[in-house]
Amino acid sequence: QVQLVESGGGLVQPGGSLRLSCAASRSISNTMDWYRQAPGKQREFVARITWVGTTNYADSVKGRFTISRDVAKNTLFLQMNSLKPEDTAVYYCHAENGNYWGQGTQVTVSS
């Protein structure tokens, strides 16, 4: 069992930045993802970091978001820059090994 707790969400103006964190109860050295779900829409993939450190991004966030992790601290990050209103969603941390999900953190991009 792995507990995942996201934090760092909030309200930000268009063009602003936020850094999301996901604290895990044990090792996150395996493949980890960020997903998001906007109101009335399906949950969608945002970014992935594999066990060897390879990263992948959805086309909609490529060049603006960066996924990273601190294995020693069991923490996954998502640095989000140049935020747009369409980035508004609940962001979820996901551990592929075991299919564990966090409870989500709300990100709202609005002026």
Side-chain angles (χ1 to χ4, degrees):
Q1 189 84 12
V2 176
Q3 280 75 48
L4 302 172
V5 180
E6 300 95 335
S7 62
L11 173 64
V12 63
Q13 292 187 339
S17 298
L18 282 175
R19 189 192 196 201
L20 305 184
S21 298
C22 172
S25 60
R26 61 175 176 83
S27 175
I28 59 166
S29 59
N30 290 313
T31 298
M32 300 287 295
D33 313 300
W34 286 98
Y35 281 75
R36 66 186 182 187
Q37 188 167 18
K41 295 187 177 181
Q42 290 189 330
R43 193 171 296 189
E44 65 175 5
F45 168 78
V46 175
R48 172 176 295 122
I49 185 165
T50 70
W51 68 281
V52 294
T54 304
T55 57
N56 304 98
Y57 299 91
D59 287 343
S60 58
V61 307
K62 205 171 292 185
R64 301 187 297 121
F65 291 11
T66 303
I67 188 171
S68 63
R69 63 185 167 200
D70 186 331
V71 175
K73 296 183 178 179
N74 292 342
T75 304
L76 182 72
F77 302 101
L78 185 68
Q79 177 66 43
M80 305 187 296
N81 299 327
S82 303
L83 283 161
K84 305 175 181 180
E86 50 264 43
D87 295 318
T88 296
V90 178
Y91 284 71
Y92 297 91
C93 176
H94 175 245
E96 292 197 0
N97 187 14
N99 193 28
Y100 296 107
W101 293 89
Q103 84 291 346
T105 185
Q106 176 70 49
V107 171
T108 302
V109 184
S110 174
S111 55

Student: Return the set of residues passing salt bridge (Lys or Arg N to Asp or Glu O under 4.0 Å) with Lys41 (not counting sequence neighbours), or none when no residue passes.
Tutor: none
Student: Examine the side chains of Asn81 and Ser17 and answer whether a donor and an acceptor come within less than 3.5 Å of each other.
Tutor: yes
Student: Using 0.5 Å steps for rounding, measure from the CG atom of Leu76 to the CD1 atom of Ile49.
Tutor: 7.0 Å
Student: Given 3.5 Å as the limit, does a donor-acceptor pair link the side chain of Glu6 with the main chain of Cys93, or not?
Tutor: yes
Student: Taking ring-ring contact (aromatic ring centres under 6.0 Å, His included) as the cut-off, I'd like each qualifying pair that reaches into residues 42-69, sequence neighbours left out, listed once.
Tutor: Tyr35-Phe45
Student: Nearest 0.5 Å, please: how far is CH2 in Trp34 from OH in Tyr91?
Tutor: 10.0 Å
Student: Are Val90 and Val107 connected, step by step, through hydrophobic side chains (Ile, Leu, Val, Met, Phe, Trp, Tyr) whose heavy atoms are closer than 4.5 Å?
Tutor: no
Student: Name all residues meeting the salt bridge (Lys or Arg N to Asp or Glu O under 4.0 Å) criterion together with Arg19; count only those two or more places apart in sequence or in a different chain, and write none if there are none.
Tutor: none
Student: Identify the heavy atoms of Ala38 and Ala89 that sit nearest to each other, and give their distance.
Tutor: N-CB, 3.8 Å
Student: Does Val109 offer a backbone N or O that forms a donor-acceptor pair with the side chain of Thr88 under 3.5 Å?
Tutor: yes
Student: Among pairs that include at least one residue of residues 99-111, which meet salt bridge (Lys or Arg N to Asp or Glu O under 4.0 Å), considering only residues two or more places apart or in two chains?
Tutor: none
Student: Strictly distance-based, threshold 3.5 Å: is any side-chain N or O of Thr54 a donor or acceptor partner for the main-chain N or O of Val52?
Tutor: no
Student: Applying side-chain hydrogen bond (donor to acceptor under 3.5 Å, both in side chains), name anything that partners Thr108, two or more places apart in sequence or on another chain.
Tutor: Gln106
Student: Looking at residues at least two apart in the chain, or sitting in another chain, which of them share a side chain to side chain contact (heavy atoms under 4.5 Å, CB included) with Ala95?
Tutor: Leu4, Met32, Tyr100
Student: With sequence neighbours left out, what residues match Gln37 under side-chain hydrogen bond (donor to acceptor under 3.5 Å, both in side chains)?
Tutor: none
Student: Restricting to salt bridge (Lys or Arg N to Asp or Glu O under 4.0 Å), what partner residues turn up for Arg69, sequence neighbours left out?
Tutor: none
Student: Give every residue pair that meets the salt bridge (Lys or Arg N to Asp or Glu O under 4.0 Å) criterion with at least one member in residues 92-111, sequence neighbours excluded.
Tutor: Arg48-Glu96
Student: Kindly write out the residues that satisfy side chain to side chain contact (heavy atoms under 4.5 Å, CB included) with Gln42, not counting sequence neighbours, or none if the list is empty.
Tutor: none
Student: What is the distance from atom OG of Ser111 to atom CG of Leu11, rounded to the nearest 0.5 Å?
Tutor: 9.5 Å
Student: Of all residues at least two apart in sequence or in a different chain, which pass the side-chain hydrogen bond (donor to acceptor under 3.5 Å, both in side chains) check with Asn97?
Tutor: none
Student: According to side-chain hydrogen bond (donor to acceptor under 3.5 Å, both in side chains), who are the partners of Asp87, at least two apart in sequence or on a separate chain?
Tutor: Arg36, Arg64
Student: Kindly determine whether Phe77 and Ile67 satisfy side chain to side chain contact (heavy atoms under 4.5 Å, CB included), including the steps that lead there.
Tutor: CA-CA 6 Å; Phe77 302 101; Ile67 188 171; over 6 Å; no
Student: Would you please test Val46 and Leu78 for side chain to side chain contact (heavy atoms under 4.5 Å, CB included) and show each step?
Tutor: CA-CA 10 Å; Val46 175; Leu78 185 68; 4.2 Å; yes
Student: Do Ser110 and Pro85 come close enough that some side-chain heavy atom pair is under 4.5 Å?
Tutor: no
Student: So, do Thr105 and Ser7 sit near enough that their side-chain heavy atoms are less than 4.5 Å apart?
Tutor: no
Student: Any link between Val61 and Leu18 through a network of hydrophobic side chains (Ile, Leu, Val, Met, Phe, Trp, Tyr) touching at under 4.5 Å?
Tutor: yes
